[in-house]
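First up is the structure itself, then whatever we jot down about it.
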Amino acid sequence: SAQYQTALMNNKQITDGEIDTDFSLVDAGYNNQYIFVYFRMDNNGNGYAMRIRRYTSGAYGTLYKVTNNYSTYTAIGSVDQQFNGFAFSGANKNTLKITLQGTIVNVVISNGPNQYNLFYTTDGAYASGSVGIGTYGLLGAAYFDNIAVSTPSPINDTFTPSQSLFTPRIDGGAWTMAYDGTGNGYV
């Protein structure tokens with residue numbers, strides 16, 4: 001019987017940033033094979049999951065809110081958003097990128113020149129949590145590679161105005177632009 005398999009990354013939390021992973025699914029002649037990328041998961045199994053489903057008629061993505069210790073999956077937006085032009089077996093790697101900024105969740109899948117924007121939505125139920133991967137219904141194998149979680153670097157504005165660079169004039173004048181007469185533009 002098909003079972004869920006889930007693994008969270010140790011000591012890896014995300015609030016805002018990007019999650020990237022390459023993945024492939026080995027065709028075992030079975031229609032419903034799923035891979036998941038979990039994010040902003042808390043200790044009680046609540047958070048979000050992006051599911052990619054391989055089916056004989058194509059590939060589909062669904063974004064879920066996960067609750068009740070991974071037992072309840074509620075779709076956010078469209079269920080089974082179809083995307084085409086992607087190969088899921090052998091050496092064919094697909095890249096899934098999830099970008100998080102506050103309540104915004106943006107999901108893009110790509111494979112070489114093919115790129116598909118699966119979801120751009122907002123949901124503020126879970127602001128921070130763990131990142132993980134999972135599978136369901138595999139008769140073949142799923143491969144994840146190059147899993148990366150990046151968070152934005154804080155901006156350190158060290159700009160300090162200096163009186164030595166400019167001498168302000170307080171003469172009631174106005175700024176003007178004039179052609180420099182040498183062909184180099186305006187001053």
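For the numbers below, each heavy atom of this structure counts, side chains included, while hydrogens, waters and symmetry mates do not. Small disclaimer: the values here were computed from a predicted structure and weren't measured.
- The two residues A49 and V66 have their closest heavy-atom pair at CB-CG2, 3.6 Å.
- The environment of CG in N69 is crowded: more than 12 heavy-atom neighbours from other residues, nucleotides or ligands sit within 6.0 Å.
- Counting only heavy atoms from C-beta outward, the side chains of F144 and T135 approach each other to under 4.5 Å.
- Contact of the L96 side chain with the V107 side chain is registered, since non-hydrogen atoms from C-beta on lie closer than 4.5 Å.
- Without hydrogens or angle criteria, D123 side chain to T103 main chain gives no donor-acceptor distance under 3.5 Å.
- Here the CD atom belonging to E18 is positioned 10.5 Å from the CD atom belonging to Q101, to the nearest 0.5 angstrom.
- Using a 4.5 Å heavy-atom cutoff, the side chains of L100 and V105 are in contact.
- The distance from atom CG of N106 to atom CD1 of I98, rounded to the nearest 0.5 Å, is 10.0 Å.
- T95 places none of its side-chain heavy atoms less than 4.5 Å from the side chain of K93.
- Contact check for T99 versus K97: side-chain heavy atoms found under the 4.5 Å cut-off.
- Ring planes of Y48 and F39: parallel class, angle under 30° (limits at 30 and 60°).
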Check your understanding: Run the side chain to side chain contact (heavy atoms under 4.5 Å, CB included) check on N94 and Y116 step by step: do they pass?
Key -> CA-CA 11 Å; N94 299 282; Y116 194 84; over 6 Å; no

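- The two residues Y64 and I76 make their nearest non-hydrogen contact at C-CD1, 4.0 Å.
- Distance check, rounded to the nearest 0.5 Å: CD of Q81 to CZ of R51 gives 12.5 Å.
- For the atom pair CD1 of I14 and OG1 of T151, the computed distance is 7.0 Å after rounding to the nearest 0.5 Å.
- How far OH of Y126 is from NZ of K65: 6.5 Å, rounded to the nearest 0.5 Å.
- Scanning all heavy atoms of the two residues, the minimum distance from T62 to M50 falls at N-CE, 3.4 Å.
- Looking at F36 and T6, their side chains never come closer than 4.5 Å, going by heavy atoms from C-beta outward.
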Exercise for review: Let me see the working for K12 and S130 under side chain to side chain contact (heavy atoms under 4.5 Å, CB included), right down to the final yes or no.
Suggested key: CA-CA 6 Å; K12 199 59 161 174; S130 297; over 6 Å; no

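- Considering T21, D22, D20 in turn, D22 is the only one that fulfils the side chain to side chain contact (heavy atoms under 4.5 Å, CB included) rule with N146.
- Although no hydrogens or angles enter the test, the distance criterion places a donor-acceptor pair under 3.5 Å between the side chain of R40 and the main chain of T15.
- Of the inter-residue distances, the one linking S71 atom OG with N46 atom CG reads 9.0 Å to the nearest 0.5 angstrom.
- Closest approach of D80 to Y60, counting heavy atoms only: O-CD2, 3.4 Å.
- Under a hydrophobic clustering in which Ile, Leu, Val, Met, Phe, Trp and Tyr are joined whenever their side-chain heavy atoms come within less than 4.5 Å, directly or via other members, I109 and V149 fall into the same cluster.
- Side-chain contact between I52 and L118 is present, with at least one heavy-atom pair separated by less than 4.5 Å.
- With a 4.5 Å cut-off on side-chain heavy atoms, I19 and Y38 do not count as touching.
- Residues P152 and G17 share a closest heavy-atom pair of CD-CA, 3.8 Å.
- Aromatic ring orientation, Y136 versus Y34: parallel (interplanar angle below 30°, classes split at 30° and 60°).
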